[in-house]
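Only one structure is covered here, and it is reproduced in the block below.
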Amino acid sequence: MFCLPWFRILRRNLSLSFWVARMRLSKAFVPTLKETPSDAAIPSHQLMLRAGLMRQLTAGVYAYLPLGYKAMLKAMQIIREEMDAIGGQEFHLPALNPEALWMQTGRRNVPNFILSVKERDLVLAPTHEEVIAWIGANHIQSYKDLPQIWYQIQTKFRNEPRPRSGVLRGRQFIMKDSYSLDRTWEELDKSYDAHAEAYRNIFSRCGLKFFVVGASSGAMGGTGSQEFMIESPFGEDTVALCDHCGYAANVEVATSAVPSVGRSAESAMPKEIHTPNVKTIDELASFLKTDHRQLAKSRVYLHDGNPVLVLMMGNDQVNESKLIAAVGGGEVFAAGEEKLVELTGADAGSIGPIGFKGRIIADNRLKDSNNLVSGANKNDFHIINIDLKRDAKVENYFDLRQVEDKEPCASCGKEIRVAHAIELGHIFKLGTKYSEALNMRFLDEQGQSHPVVMGSYGIGVERIVACHIEQSHDENGIAWGKALAPYACHLITVNMNSKEAVLHANQIYQK
RNA sequence: CGGGGCGUGGCUCAGCCUGGUUAGAGCGCUUGGUUCGGGACCAAGAGGUCGCGUGUUCGAAUCACGCCGCCCCGACCA
């Protein structure tokens with residue numbers, strides 16, 4: 001019989017490729033695996049190994065085999081076409097960078113970021129803002145030189161503490177990164193919007209079911225950013241989605257329409273009460289037979305070493321991304337047990353705003369509320385009837401809470417969903433952080449010097465392929481869409497004993 | 001970096017607890033034969049520093065210690 005080889009896992013979806021590559025399967029290097037390698041935990045990782053797309057060399061580093069590289073090349077070609085369509089110019093920047101360049105922007109010592117070379121003062125570039133700004137600083141002189149969109153598709157290196165999920169988080173990966181250089185923030189908006197549109201086109205053409213979320217710009221600096229995501233239980237990001245109105249945001253910035261506590265007419269006088277063995281908000285609620293809305297939880301953080309007390313309603317969780325934004329950037333750590341006693345005189349569970357020495361900020365939900373219960377900064381004691389306007393020196397109110405599943409949507413009021421997602425691309429309005437650090441400036445019409453306004457935009461090439469597989473596979477293997485399929489067409493001669501059939505098949509093959 | 005797990009032919013794993021013949025199985029691979037329209041069968045083979053090192057012992061894949069590597073959870077994630 002004609003024995004079907006086991007690589008049926010590669011099967012399906014025949015169509016013509018944009019490039020004419022032919023290969024006889026008998027000569028192709030496609031090492032398939034019958035069993036799932038024990039190291040692979042998620043479908044895309046398992047199938048990329050089993051289908052012979054790639055092999056792992058070491059943690060977070062993969063060798064792409066011909067079949068896998070073909071799929072990646074197809075994704076790269078789509079990216080290239082769409083980047084060119086918005087006026088992007090392709091570069092190939094060096095992966096080896098002088099360490100000194102990264103010292104200038106202060107990013108050399110960002111934790112878990114840069115991999116370096118032992119023998120020289122060189123580092124492996126994790127991204128290319130610095131090199132772009134270096135080129136721009138040397139060659140952009142006049143407003144007439146702007147705007148520019150510069151991009152490349154290049155291997156990046158990062159000192160990932162824990163690579164995982166196959167190709168989704170590696171130490172070495174291929175990324176399309178682009179950078180817009182503009183004169184003004186308004187023009188940056190245009191470059192940014194052009195990228196957003198290009199990204200939509202790219203992911204659509206790749207056949208991905210994706211969505212866009214508002215995101216935090218985090219330590220990159222800048223004023224705005226969006227992420228392009230696919231929903232997946234294996235994603236490392238958490239997003240809030242509204243299936244009714246389309247609201248979508250990373251939980252780092254997501255809001256919901258939870259009601260605030262408000263203020264009652266009478267503000268009773270504060271009183272210390274004995275609350276033995278009451279450590280949690282739930283215990284406090286049942287001890288006092290009240291609901292969470294009257295309880296103000298205190299969390300103490302150290303912001304660049306200075307204590308900040310954060311008041312939250314009931315069991316609302318502090319969202320540290322929002323907290324960082326609220327306190328004006330920098331680093332934030334939750335204070336440890338010993339530090340809590342040192343700062344407040346009490347353990348976690350009995351800490352409160354009254355008598356706290358340091359900044360106090362509170363979540364919007366508690367704005368101007370009264371008759372609240374919080375810790376007394378004395379173990380086993382709480383204070384009731386706290387009026388935040390009268391009794392506590394709350395410096396300011398911010399949105400500090402983490403949204404939860406099933407809360408009402410901030411824009412339509414219906415139920416939101418909190419889900420995991422994989423980030424495919426991220427676009428940032430960077431601003432002038434890097435252009436100032438590296439002195440990339442231009443002269444305007446009046447001869448005034450200004451820093452170039454930058455945007456930065458990334459796409460993970462491997463993630464496109466892996467996400468496609470996550471979204472398109474079954475028990476038989478990968479169901480390739482035609483956009484990324486390594487080969488468009490699989491020509492099978494059913495009866496190799498028929499000279500006529502073989503001849504015919506070969507004729508078709510030659511075409 | 002904290003917690004957990006694992007490391008035995010290309011892949012998946014057994015053996016280890018209760019040290020003792022030439023270290024096993026399935027899949028894959030090679031050769032020969034059979035089969036021949038839906039993931040073949042029979043037979044014979046090749047292939048292993050049992051992650052590395054030190055130690056305990058007459059004797060270590062098996063026990064102890066150290067190291068390395070990989071995976072998962074967490075922290076982190078520009």
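Here is how names work: the chains are called A, B, and so on, in the same order as the sequence lines, proteins then strands, and each is numbered from 1.
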_Q56(A) CD to G69(B) P, straight-line distance once rounded to whole Å_ = 13 Å
*Which residue pairs pass the ring-ring contact (aromatic ring centres under 6.0 Å, His included) test with at least one member in residues 86-106 of chain A, sequence neighbours excluded?*
F91(A)-W150(A)
_For H450(A) together with F442(A), are the ring centres under 6.0 Å from each other?_
yes
_Assess whether a salt bridge exists between R417(A) and E231(A), defined as any Lys/Arg side-chain N lying under 4.0 Å from an Asp/Glu carboxylate O._
yes
*Which nucleotide, in any strand shown, forms a Watson-Crick or G-U wobble pair with C17(B), with both distances under 3.5 Å?*
none
_With a 3.5 Å limit on both atom pairs, tell me what U34(B) is paired to, counting Watson-Crick and G-U wobble, or say none._
A40(B)
_Looking at E187(A) and K190(A), is there a salt bridge between them, counting it only when a charged N and a carboxylate O are closer than 4.0 Å?_
no
_Rounded to the nearest 0.5 Å, what separates atom CD in Q148(A) from atom OG in S178(A)?_
13.0 Å
*State whether the side chain of N138(A) and the backbone N or O of W134(A) hold a donor-acceptor pair below 3.5 Å, judged by distance alone.*
yes
Distances under 3.5 Å between nitrogen or oxygen atoms of protein and nucleotides 5-14 of chain B:
from, atom 1, to, atom 2, distance (Å)
U12(B), OP1, S38(A), N, 2.9
U12(B), OP1, S38(A), OG, 3.4
U12(B), O2', E35(A), OE1, 3.4
C13(B), OP2, S38(A), OG, 3.3

*Whole-Å gap separating P (G69(B)) and CZ (R162(A))*: 16 Å
*Expressed as a whole number of Å, how far does the C1' atom of A64(B) sit from that of C71(B)?*
26 Å
*Roughly how many Å is it from CG in N159(A) to P in A78(B), rounded to a whole number?*
14 Å
*In whole angstrom, give me the gap between the C1' atoms of C70(B) and U30(B).*
31 Å
*Looking only at atom C1', what distance separates C52(B) and A40(B), rounded to whole Å?*
43 Å
*Using purine N1 to pyrimidine N3 plus N6-O4 or O6-N4 for Watson-Crick, or N1-O2 and O6-N3 for G-U wobble, each under 3.5 Å, what pairs with C29(B)?*
G45(B)
_Under 3.5 Å on both distances, the Watson-Crick or G-U partner of A75(B)_ = none
*Give a yes or no on whether a donor-acceptor pair under 3.5 Å exists between the nucleobase atoms of C77(B), that is its base, and the side chain of R169(A).*
yes
*Atom NZ of K156(A) and atom C1' of C77(B): how far apart are they, to the nearest Å?*
17 Å
*Looking at every strand, decide which applies to P126(A) at a 4.0 Å heavy-atom threshold: base, sugar-phosphate, or nothing.*
nothing
*Look at the side-chain N and O atoms of R164(A) and state whether any lies under 4.0 Å from the OP1 or OP2 oxygen of C72(B).*
no
*asked:* A cation-pi test, strictly: NZ or CZ of R22(A) under 6.0 Å from the centre of the six-membered ring of Y509(A) and no more than 45 degrees from its axis. Yes or no?
replied: yes
*When rounded to the nearest 0.5 angstrom, what is the spacing between OH in Y434(A) and OG1 in T127(A)?*
8.0 Å
*Sort out the partner of G66(B) for me: Watson-Crick or G-U wobble, both distances under 3.5 Å, none otherwise.*
C52(B)
_P atoms of A60(B) and G19(B), separation to the nearest Å_ = 14 Å
*Whole-Å distance between C77(B) C1' and M175(A) CE?*
13 Å
*asked:* Give me the distance, rounded to whole Å, that separates A23(B) from G48(B) when you measure between the C1' atoms they each carry.
replied: 9 Å
_Euclidean distance for C1', U34(B) against C72(B) (whole angstrom)_ = 48 Å
*What is the nucleic acid contact for T105(A), judged by heavy atoms within less than 4.0 Å: base, sugar-phosphate only, or nothing?*
nothing
*Whom does G9(B) pair with, Watson-Crick or G-U wobble, provided both distances fall under 3.5 Å?*
none
*Pick the C1' atom in C65(B) and in U56(B), then give their distance to the nearest Å.*
11 Å
*For the pair E236(A) and R164(A), find out whether any cationic side-chain nitrogen is under 4.0 Å from an anionic carboxylate oxygen.*
yes
*In whole angstroms, how far is the P atom of C71(B) from the CZ atom of F234(A)?*
17 Å
*Between C76(B), G69(B), C72(B), spot the one nearest the side chain of T58(A), thanks.*
G69(B)
